[in-house]
2 protein chains.
Amino acid sequence: MSRNIQVTIIEDDDTIRSGYSFLIGNTEGYEVVSSYCSYEAAALKIANDKPDVILLDIEMPGTNGIDAIPKLKKLLPHVYILILTVYESEKLIFEALANGAAGYLTKNTASAKIIESIKEVKEGGGPMSINIAKMVIKSFQKNQESPLSKRETQILEQVCNGKSRSQIAKELFIDLETVRSHIKNIYVKLDVNSRADAIKTARENKLI
Amino acid sequence: MSRNIQVTIIEDDDTIRSGYSFLIGNTEGYEVVSSYCSYEAAALKIANDKPDVILLDIEMPGTNGIDAIPKLKKLLPHVYILILTVYESEKLIFEALANGAAGYLTKNTASAKIIESIKEVKEGGGPMSINIAKMVIKSFQKNQESPLSKRETQILEQVCNGKSRSQIAKELFIDLETVRSHIKNIYVKLDVNSRADAIKTARENKLI
DNA sequence: TAATTAATCACCCCATTGGGGTGATTTTTT
DNA sequence: AAAAAATCACCCCAATGGGGTGATTAATTA
């Protein structure tokens, strides 16, 4: 009834690539339809391979994995891309996810977990390594010890939404001068003197 | 050598509470130090229980789980809070995480996974149910079919950072009039006529 | 209870900004 | 060859933003 999960591997290291290939190819229900050592090599033929899931490395010669994601998605709009890399930098992780990666595993991940994640991603899940999940969750968390009051935080949020003083005043049913006053206090507390700097500081310190 | 993981359960449903209590209490290496049916009940005594991990429900009489998170964190700064609930709304999930929850599981989660997640959270991980992970990852993903050009997207990002036209011009080494021109085109494409509306539309459509 | 902090509003000043027009040139992509 | 993207130019003017300085009334904390 159910077809094997078709997997393509894009990874420049020969040893790792054949390792994954062997692992997946010998697992019941999985099938490696192709493997490439670069995006450029994959681009030429992958549209015919029609994989369900692509295992993608980030560090590669030529087009790197991050930039390869949108290009692969264009070639195969319904493919699920699972990043499998040694990198754990926040920037790379979020860029990969923003570009359309469906999951992110680090290379120390156990074989069983990789196999499980391929299935999970194919079923619409979002597999992540423990450490990745930690970073992702942390990125959501607000600073619990903000120097700003509730009202100030509320107003700063509106500033981040690009609202003008008068717009904020209307929405919060307070006077324009009150908004001004709050913003001035925010500037003092954050030690800034412009909207742009306030937003920057607020984001850096997760005050919003 | 290693102490049992001390767990507190806060959950208003008696049946579910004793179910979890039984499950965790009878697992090697885990210990239920206390269980409460509301935040109010917990607040009085939990500081003495000193749990490592709190299993917290969202739907509860009195203070709900979301609002209870920061309060519990104040009472026990080093506690890990694991949300265990039936709710899967994006809003609740992100609010819970923003408030400091370390993980988020839905109640259909298998017993073994719950036990594993408690350990994971105590070790600094960020356990999530598959469906939650999916939503979290989706929240990062940009719209791949933006109506905006690269330059326009770049400029809109700066607008979202609260930058003025002249600041953007300086940063991108282009003329102020060019920035103006781009912003005007962005407004036309997004069918808006102010920064605030552009930011709103951009966020709603994940163009940034 | 006393002292802070938070939240509200007021009026001064003025350079900068933002948004609406209209139009043109050059490079890149299709 | 045509379309889209990126660049720059000049018109207009109300609204905005940031800098001062200061006051009143809750609410919270010491």
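A note on names: the letters A, B, ... follow the listed sequences, proteins ahead of strands, and every chain is numbered from 1.
Scanning atom types as modelled, one donor and one acceptor separated by under 3.5 angstrom connect the side chain of B:Arg180 and the base of C:dG21. Checked by distance alone, A:Lys184 brings a side-chain donor or acceptor within 3.5 Å of a matching partner on the base of D:dG20. Put simply, the side chain of B:Ser181 and the base of D:dC8 share a donor and an acceptor less than 3.5 Å apart.
Remark: C1' of D:dT7 and CG of B:Asn185 are 11 Å apart, rounded to the nearest angstrom. The nearest whole Å value for the distance from the CG atom in B:Leu172 to the P atom in D:dA6 is 12 Å. Across the protein-nucleic acid pair, A:Arg195 atom CZ and D:dA15 atom P stand 17 Å apart, rounded to whole Å. Distance B:Lys150 NZ to D:dA6 P: 9 Å, rounded to the nearest Å. As rounded to whole Å, 6 Å separates atom P of C:dA7 from atom CD of A:Glu152. Rounded to whole Å, the distance from CD1 on A:Ile183 to C1' on D:dG17 is 9 Å. For the pair A:Glu177 CD and D:dT21 C1', the interatomic distance rounds to 12 Å; values are reported in whole Å. Atom CD1 in A:Ile174 sits about 15 Å away from atom P in C:dA6, given to the nearest Å.
Phosphate contact (OP1/OP2 of C:dG18, side-chain N/O of A:Lys163, threshold under 4.0 Å): absent. Of the side-chain N and O atoms in B:Thr178, none sit less than 4.0 angstrom from OP1 or OP2 of D:dA6. Here B:Lys189 does not reach the OP1 or OP2 of D:dA4: none of its side-chain N or O atoms lies under 4.0 Å away. Put simply, A:Ser164 has a side-chain N or O that comes within less than 4.0 Å of OP1 or OP2 on D:dT16. Using a 4.0 Å cut-off, no side-chain N or O of A:His182 falls inside it from OP1 or OP2 of C:dA7.
Remark: B:Lys107 engages B:Asp57 in a salt bridge, criterion side-chain N to carboxylate O under 4.0 Å.
Relative to the side chain of B:Asn193, the nucleotides D:dC10, C:dG20, C:dA10 differ in distance, and C:dG20 lies closest. Nearest to the side-chain atoms of B:Tyr187 among the listed nucleotides C:dC9, C:dG20, D:dC8 stands C:dG20. Set against C:dC9, C:dA7, D:dC8, the side chain of A:Arg151 has C:dA7 as its closest nucleotide.
B:Asp49 contributes no side-chain N or O that, together with a main-chain N or O of B:Pro51, makes up a donor-acceptor pair within less than 3.5 Å.
Under the rule for a side chain to side chain donor-acceptor pair (under 3.5 Å), the partners of A:Ser129 that lie at least two apart in sequence or sit in another chain are A:Thr106. With sequence neighbours left out, the side-chain contact (heavy atoms from CB on, under 4.5 Å) criterion links A:Lys134 to no other residue.
When heavy atoms are screened at a 4.0 angstrom cut-off, B:Arg165 is found touching base atoms of the nucleic acid.
Of the two residues contacting DNA chain D, namely B:Asp175 and B:Pro147, the nearest-nucleotide position lying further toward the 5' end is that of B:Pro147.
Using cut-offs of 30° and 60° on the angle between ring planes, the pair A:Phe140 and B:Phe94 is parallel.
A donor-acceptor contact closer than 3.5 angstrom links the side chains of A:Glu88 and A:Asn131.
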